[in-house]
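Letters A, B, ... are given to chains in the order of the sequence lines, protein chains preceding strands, and every chain is numbered from 1.
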Amino acid sequence: MPPKAKKTPGAGARQSTLGSFFTLPKGQKPPELQQTKLKRTRAAPKTALSSENEDEPEGVKVDNQDEVMDGTEEADGNTAKTKKRVRDEEVAVKAEEEEEPATKRGRKASATKKKVGDEGAEPVKKRGRPAKTTASATKGKGKKVEPESEEEAESKPKSPTKAKKVAATAAKKAAAAKKEPTPEPEPEASASEAEVEAESENEVEAASETEQPAISQGARKQVQSKLTAGGKGLHPYPDWAAGTPVPYAALVKTFTLIEATSKRLEKLSHTSLFLRQVLRLSPDELLMVIHMMINRLAADYEGVELGIGESLLMKAICESCGRTMQKLKEDHKEVGDLGEVAMKSRNTQTTLFKPKPLTVASVHAGLKEIATTKGEGGQTRKVGGIKKLLSAAKGDEAKYLVRCLEGKLRLGLAERTVIVALSQAMIVHEAEKAGKKAPSLEQMTAAESILKEVYSSLPNYEIIIPEMMKVGIMKLKDTCKMQPGVPLKPMLAKPTKAISEVLDRFEGKQFTCEYKYDGERVQIHYVAPNASTEFPTIDKEKGIAKIFSRNSEELSPKYPDILAALDKWVQKGVESFVLDCEAVAWDREEKRVLPFQQLMTRKKKDVAVEDVKVKVCVFGFDLLFLNGKSLVQETLADRRKLMYKSFTPVLGEFAFATATDGQELETIQSFLEESIKASCEGLMVKMLDTSESFYEPSKRSRNWLKVKKDYLAGAGDSLDLVVIGAYHGKGKRTSWYGAFLLACYNPSSQNYETICNIGTGFSEEMLAKIHAHLVDFEIEKPKPYYIHASGNMQQPDVWFEPKVVWEVKTADLSLSPKYMAAKGIADTEGKGRGISLRFPRFIRERDDKKPDDATTSSQVAEMYNRQDVVMNGVNGKKGGAGGVDDDFEY
DNA sequence: GTCGAGGGGTACC
DNA sequence: ATCAGACGTATTCGG
DNA sequence: CCGAATACGTCTGATGGTACCCCTCGAC
C-alpha cells in the first residue's frame, strides 16, 4: 500500500515532502535531490521541483497555517501532539520498510519490493551503473577533471569570476540533464545481496571496517611518494639559507599554490613539500610553521585570542593604505575577501621604505604581540600592530596576513590535511637524513596513522613536535600519550534523518541510545593529589582538576561549582579520570533541566562558587581515562561499565546520561519521545562493543549518530517567512547575497516583523537564481511597515520589496534581543523582546504564497508558547517559567 | 572622574 | 550549530 | 579482468542566534 494514503490529512503536502525526504535510506538520494541532479537547468528549477516530484496540489497553500494551527489546538493536550508525531514517524518508517530496496548491503530481503508511493515515480538508484545512456551525458562533468576545464581553472586560479563559475555549473547541469531517468531494471541484485548479508554480514563489515584506513591510502601514497621523494629543489620556493628563519614569502608561496587547486591530494603534496623544505633548512621553526598553517598561535586551551575582527581589520587596512572606509567597503563587497582587498590596496601605493622581509618568525611574533595587547587603548595599539605587519608585507603576503588575522585562511586546507602532510614530510626527511632510500608506502602509511593517533590523544603540537624531532615519528607513540590536563578532541556525531537510518547502520549489532542533553559539552580532567601514577606535567602534590570545552578551551573558571562538587560524586579510590559529559542548566526547585538559553547566561570569568546564578548538572556519558590508564581503546560497553562503577549520581549535581540498549524500532521510537519530553534535543546512538566503539576522535570523525527531534516528521517547526533584506556574500558567495533577513507578518498591524537571518540550506544554483530574481526588488530604504531593530549593526546591506516567501525550518524558538517577531504577543515577560529562530535553514521557495500569507506573528507566538509548555512541563512553575532573564531565586 | 550604553570579538550551541 | 559541494575511495556492472 | 559509473565517507567553508567580556565613548 502506498504509504501516502496513510498520511494524516492535516499534515498535507508538507508531510509528503519532508516525510519521504527524511526517511530515505542512506544509499538513496532524496527525490528532490535526485531531481535536481538530473534535471538541473538554470531555467525554471521551480517548475521541475513542484511539478514533478511533489505531487503536491493545492493543499500546499495553507498547509503551514494548518500545521501551526494544529499545534496550537493540541497545545494544551500535549499528548495529542505527541501522538501525532509518533504516528507520522511510524508511517514514515513503515513506508520505508516496505519499499526500501536494499541499497546497501545489509538490508533485508523484503527490500526487493519495488517502491511505490511518494517516490514511486523516481527510479531507485542502485549501486553500480544503471544504464548506458548515462555515459555520454555524464562525461561532460566527469569525475576526473576534463582537460579543458582544468585548463580553464588553471588559467584563472584565483577568484574565478562568478559568471564563469555559474556558466560552468550550468553547463554541467545541462549535460546532466540529458541523462534520462532510466526505468530501473534490477530486482535480482538485491536478492543475492540479501543472501550475502545473511551469511556473513558481520564479518564482512568488521573486516572492511578495520582495514579500510590502511588500504585506502594506496593510490594516494603512490602519488605522494613520488612527489615527496625527489629530494631538493622540488618546492618552487628557492631554498633559503639553512638555519636562517623561514621567509614568510615561502609560506605564502605555498599558500598560493594550495589555494589554486581544489584537489585535496595536490594541496597535500604542496604542504608536505614545503614542510620538508622547512625540515631540511630550518627544523627549529617547524612548530611555528605548523601553527601558522593551521592559523593558531598556541594550543587552544591556552586561550590566546587575537581580539581582531573584521571591523578593526578594516580600520587597519584603511589607515595603512590611506583609503577611505567607504571605498574599502565597496571593494570588499565586490571582491568578497578582505585579503584580496588589502593586497590590491597596497599595490596602488608605492612603499618608500623597504622594511625587512617578513619571516614566519617575525609574523608569528607580531601576531602574538597583537594577541597579548590589552587594556586601555588596546584596540588602537592592536591596529598599530597590524599596520606594522601590513606595511612590511609584499604582494601576496598582505593577502594571507589579513586572512590570517581574520582567522580564516580559506585555503581548503585544514588541520587534518596538515597532519598528514607533516607525517609524510617527516618520514621522508628521516629517511633522507639516515641516508636511506625513500620510505615505502607501508612506512608512510604507518607514520601517518601514528601521527594521527598521537595527535588525537594528545592534541598539542608544542609537545608532539619537539618530541617527534627528538625520537622520530615512529616512536612517538611511546612517549606521547594521553594525559589528564590535555584535552582530547571529542568524538562527534553525524546527524541522522530518520530512525530507520539508525537501523540501517547498526542493525544486527549491539548499540545503545542515550539522551542528547541540550547543554554544553564538557570534558572533566582530574588527578587526585598524590595519585599513585605520576604524570610528567602534573605536580604530584597538587593533582589537577580542570574542565575543557568541546573545542578544547579551558572552562575551569566558568564551572568552579562543578569542580568543587567533584568529591560528592567521584567514588573513593578513583585517582584520576577524564570524563566526557554534558553540563546542563538545572532547576533546583523543579528538579529538572532547563533550556540552553538559560545555561548561556552564566558568567565566564571570575566565577565564585557562592554566586553561581545558574546551577548546573553534569550528565556523564563516556569515560576516557581512569586511574592512570587510557580507555580510548576499550569498547564503549567496557568504558561505560567502568564509568558506572567509578561515579555516583547525585541529584542535581551529577547523573549518567539516560540510556537504553534496546534494539527495536519501537523502543527507540518511544525512547526518543521520552527524551524530548525530558527537554532533550533527541538521541545519540552509539555502537556498543565492536572495535567501532573505540573512542576515536580523529580517525573516524563521525562514528556516533545523533537523532534530533527537528528532523523527524512532524516534530520540526517550519515557517513561511518573507524575505525583506539581504547581506552581500563573501568568499564562495561573492557577488551573490550571502544571507537574508526574514520577517513574519502581523495582520493586525499589517507590519512585517523581523524574525531571523538565514544563510544556510541553499544550493549554489539556488543562490544564483535568488540573486537574479531579487536584485530587481531592491529598494532604497526599508518600508515603514518593516519592524526591525534600529541598531546600526543590525541593518542588512540591502532591502527588498516584500515579495518572496520561503519555507524555513528551525529547531527551537528563542527570545531575542534583536528580532521583533511577535513582540508583545507571546509570553515574553514584558521585556520587550521578540522571538527568533534557533538553527534556521532554508527549505524551499514558496512561490505559491504571497507575503501576507506568511506565518503570522500570532502563530509564531503560539509556537513559542507551546514549546515553553513542553519545556517546562504542563504546569510550568510561576507562569511561563521559560523567561530567560528571570532571576533564579533559591 | 564615574557610569552606562553600545560596538566588537569570541565562545557556546 | 546546519548545510551543500568537491574530492577520494570502494563497489559494482557491462563487456 | 578492466574501465566506467555510481555510492559513500570525509573535509572544507559558507552561513544562523545568543550570551558574556572587553574596550570606547559620551553624558553627567
Which of D/dG16, D/dT12, D/dA19 is nearest the side chain of A/P817? It is D/dA19
Is the shortest side-chain N/O distance from A/K263 to OP1 or OP2 of D/dT12 below 4.0 Å?
-> no
Any Lys/Arg nitrogen of A/D518 or A/K708 sitting under 4.0 Å from an Asp/Glu carboxylate oxygen of the other?
-> no
NA contact type, A/L837, heavy-atom cut-off 4.0 Å: base, sugar-phosphate, or nothing?
-> sugar-phosphate
Would you please name every residue forming a side-chain contact (heavy atoms from CB on, under 4.5 Å) with A/C680, sequence neighbours left out?
-> A/Y515, A/Y517, A/S675
Establish, with yes or no, whether the OP1 or OP2 oxygen of D/dG16 is under 4.0 angstrom from a side-chain nitrogen or oxygen of A/Y819.
-> no
So what does A/F762 hit on the nucleic acid, given a heavy-atom distance under 4.0 Å: a base, only sugar-phosphate, or nothing?
-> sugar-phosphate
I'd like a list of close polar pairs between nucleotides 25-28 of chain D and the protein, N/O only, cut-off under 3.5 Å.
none

Roughly, in whole Å, what's the span from CE in A/M766 to P in D/dT15?
-> 18 Å
Roughly, in whole Å, what's the span from CD1 in A/I258 to C1' in D/dC11?
-> 15 Å
Side-chain-base donor-acceptor pair under 3.5 Å for A/T760 and C/dT2 | yes
Are A/E406 and A/K730 close enough for a salt bridge, meaning some N to O gap below 4.0 Å?
-> no
Sequence neighbours excluded, which residues qualify as side-chain contact (heavy atoms from CB on, under 4.5 Å) partners of A/S836?
-> A/C756, A/S814, A/S816, A/Y819
Take the protein atom NZ of A/K494 and the nucleotide atom C1' of C/dC3, then report the distance between them rounded to whole Å.
-> 14 Å
For atom NZ of A/K452 and atom P of D/dC11, their distance in whole Å | 7 Å
Could you check which of D/dG17, D/dT12, D/dT15 has an atom nearest any side-chain atom of A/S836?
-> D/dG17
Would you call A/R521 and A/E582 a salt bridge, taking side-chain N to carboxylate O under 4.0 Å as the test?
-> no
A/H728 and A/Y737 aromatic ring geometry - parallel, tilted or perpendicular at 30°/60° bounds | parallel
For C/dC7, take OP1 and OP2 only and decide whether either is under 4.0 Å from a side-chain N or O of A/S262.
-> yes
Starting at atom CG of A/L265, determine the distance to atom C1' of C/dG8, rounded to an integer number of angstrom.
-> 7 Å
Side-chain N or O of A/R264 less than 4.0 angstrom from OP1 or OP2 on C/dT9?
-> no
Given that A/K730 and A/S814 both sit by DNA chain D, which one's nearest nucleotide is further toward the 5' end?
-> A/K730
Find the distance A/Y559:OH to D/dC20:C1' and express it as a whole number of Å.
-> 12 Å
Has A/R410 got a side-chain N or O lying under 4.0 Å from the OP1 or OP2 atom of D/dG13?
-> no
Phosphate-side-chain proximity, A/S816 and D/dT18, N/O vs OP1/OP2 below 4.0 Å | yes
Report the C-alpha distance between A/E553 and A/K604 in whole Å, list the side-chain angles of each, state the deciding distance to 0.1 Å, and finish with yes or no for salt bridge (Lys or Arg N to Asp or Glu O under 4.0 Å).
-> CA-CA 12 Å; A/E553 215 76 37; A/K604 291 182 183 148; over 6 Å; no
Just how far, in rounded Å, is P of D/dT15 from CH2 of A/W736?
-> 12 Å
Hits for salt bridge (charged side-chain N to carboxylate O under 4.0 Å, His left out) against A/K558, two or more places apart or cross-chain, chain-then-number order -> A/E520
Quick one, give me the B/S/- string for nucleotides 8-13 of chain B, reading 5' to 3', where B means a protein heavy atom under 4.0 Å from the base and S means that only happens at the primed atoms, P, OP1 or OP2.
-> SSSSBB
Over how many whole Å does the gap from A/E376 atom CD to B/dG1 atom P extend?
-> 11 Å
Given D/dC21, is OP1 or OP2 found less than 4.0 Å from the side-chain N or O atoms of A/K605?
-> no
Taking for A/D606 and for A/G412 the nucleotide of DNA chain D with the nearest heavy atom, the one nearer the 5' end belongs to A/G412
Tell me what A/P495 touches on the nucleic acid: a base, only sugar-phosphate, or nothing, going by heavy atoms under 4.0 Å.
-> nothing
Is the centre of the A/W736 ring less than 6.0 Å from the centre of the A/Y727 ring?
-> no
Heavy atoms under 4.0 Å, any strand shown: does A/T810 hit a base, just sugar-phosphate, or nothing?
-> nothing
Under the side-chain hydrogen bond (donor to acceptor under 3.5 Å, both in side chains) rule, collect the residues that match up with A/E302, sequence neighbours excluded.
-> none
Would you call A/K408 and A/D337 a salt bridge, taking side-chain N to carboxylate O under 4.0 Å as the test?
-> no
